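Below is one structure, written out as structure tokens, with a few remarks after it.
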Amino acid sequence: MKILVTGGAGFIGSAVVRLAVSRGHAVVNLDALTYAACLENVAPVADSPLYAFEQADIRDPEALTAIFARHKPDAVMHLAAESHVDRSIDGPGAFIETNVMGTYNMLQAARSFWEAEGRPESFRFHHISTDEVYGTLGATGQFTEETPYAPNSPYSASKAGSDHLVRAWHETYGLPVVLTNCSNNYGPYHFPEKLIPVVILNALAGKPLPIYGDGSNVRDWLYVEDHADALLLVLEKGALGRSYNIGGENERSNLELVQTICAILDKLRPGDAPYADLITFVTDRPGHDARYAIDPTRIREELGWRPSVTVEEGLERTVRWYLENEDWWRPLLERHGVGERLGKA
């Protein structure tokens, strides 16, 4: 299968690219190489004859049309998106342009190509989204595929809009689509503006470990390589027009998560004092959702998938990766906004 992966130089996209190539799929990586992208993320497969790279922006419909015509993919995995909630608070326009209009452009380019090729039944457009479109949960309950959308940040609202477009292109034009909504990802190659890499790298530098509010916000943590495995499974076996929630079944509060990272660092890279001494509570972000939790029953029962690692196992793998790959993360700390507090509104 030849797969066109958008955002393939990003965190989740690069995990998909690496896994797909390792399984023998041809991959065309379409990425605009904006601030959070890094071609080093796909260096392990960059020399493979199965891999091709196209630098293009999903906001450019003419470029998309040319790429579809040139590569003639069997499937699309659409991951390209602005994704940092704090940045969406400071600059929502970029999120609407990329996540909503960019997805519209991808759908139109894919539809035109699919129709020109005779509407092949095997073609798939897989849209990858987030559990944040569902809003927030209380102390109990989980998001299912039937949970009403109630996004609370510019980021989640833009992703909700893109989800609705994908569904509409399936219902109106017959485009063969599948959708997935995932919980919080973590793992190797995670851009150092998100919580887990910030905590690891700040701890190594002896800097404060910032936690919003009182640290009670809960997330369901999904190891990125488990997520990539689930995404390829949905692409190949998911039912058309169907959405699948992908969760790690690993709920932790932000405070618990940071304490776990500190304990792992205490073991792997002991300092003069426990790393947890660096924990610092900071003013909460506006509209900070209290809790996310995914009910993964559908993907487990229909497709037989479940996560392979616990959050403790995945975090130790992640910490070890950052300890061993300073050459990867050190240059990224110089990029715009990295290390600064964003999203204070």
Side-chain angles (χ1 to χ4, degrees), residues 1-7 13 16 28 30 56-83 92-93 95-135 143-151 154-182 231-246 298-299 302-303:
M1 183 190 307
K2 180 184 283 188
I3 308 170
L4 175 62
V5 178
T6 71
V16 170
V28 180
L30 188 165
D57 195 317
I58 60 172
R59 296 174 297 179
D60 182 349
E62 292 182 359
L64 300 182
T65 298
I67 288 168
F68 271 94
R70 183 157 55 246
H71 292 282
K72 298 187 180 300
D74 303 302
V76 175
M77 298 183 75
H78 178 41
L79 296 106
E82 295 282 352
S83 68
F95 286 72
I96 304 305
E97 292 168 6
T98 298
N99 299 355
V100 179
M101 290 305 300
T103 298
Y104 163 76
N105 292 334
M106 282 297 302
L107 287 165
Q108 286 291 79
R111 174 190 163 208
S112 295
F113 168 75
W114 175 64
E115 291 176 344
E117 292 292 306
R119 302 168 69 98
E121 293 183 3
S122 59
F123 185 79
R124 294 289 181 272
F125 186 103
H126 181 181
H127 178 62
I128 289 86
S129 190
T130 172
D131 60 357
E132 296 190 40
V133 299
Y134 300 125
F143 297 134
T144 72
E145 291 82 358
E146 279 72 46
T147 299
Y149 278 30
Y155 162 62
S156 56
S158 69
K159 290 299 290 185
S162 67
D163 289 8
H164 293 321
L165 289 176
V166 173
R167 296 176 193 280
W169 259 243
H170 174 66
E171 294 295 334
T172 302
Y173 304 111
L175 187 69
V177 309
V178 288
L179 301 92
T180 51
N181 296 80
C182 68
L231 292 178
L232 286 170
L233 180 64
V234 171
L235 179 72
E236 295 168 8
K237 297 184 178 180
L240 288 184
R242 197 94 158 132
S243 64
Y244 296 87
N245 281 351
I246 305 172
R298 177 177 291 178
I299 191 171
E302 292 188 12
L303 304 181

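Just so it is clear, the values below take in all heavy atoms, side chains as well, and ignore hydrogens, waters and symmetry mates. Quick caveat: nothing in here was measured; it's all calculated off a predicted structure.
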Whether [X] side chain and [Y] backbone form a donor-acceptor pair below 3.5 Å:
| X | Y | value |
| --- | --- | --- |
| R124 | E121 | yes |
| R298 | S243 | yes |
| Y173 | Q108 | no |
| E145 | N245 | yes |
| N99 | Y155 | no |
| K159 | I128 | yes |
| T6 | A80 | yes |
| T147 | T144 | yes |
| S129 | T180 | no |

Got a second to check how far [X]'s [atom1] is from [Y]'s [atom2], nearest 0.5 Å?
| X | Y | atom1 | atom2 | answer |
| --- | --- | --- | --- | --- |
| K2 | K72 | NZ | NZ | 9.5 Å |
| R111 | L175 | CZ | CG | 8.5 Å |
| L107 | W114 | CG | CH2 | 12.0 Å |
| L235 | F125 | CG | CZ | 11.5 Å |
| S162 | M106 | OG | CE | 12.0 Å |
| E62 | N105 | CD | CG | 10.5 Å |

Closest heavy-atom pair and its distance - [X], [Y]:
| X | Y | answer |
| --- | --- | --- |
| Y149 | D163 | OH-OD2, 2.7 Å |
| D57 | L64 | O-CD2, 4.2 Å |
| M1 | A75 | SD-CB, 4.0 Å |
| D131 | F143 | O-CE1, 3.8 Å |

Mind checking whether Y104 and W169 have parallel, tilted or perpendicular rings, split at 30° and 60°?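 Rings of Y104 and W169: perpendicular, over 60°.
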Got I3 and L232 here, is their nearest side-chain heavy-atom distance under 4.5 Å?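 Yes, close enough: below the 4.5 Å cut-off.
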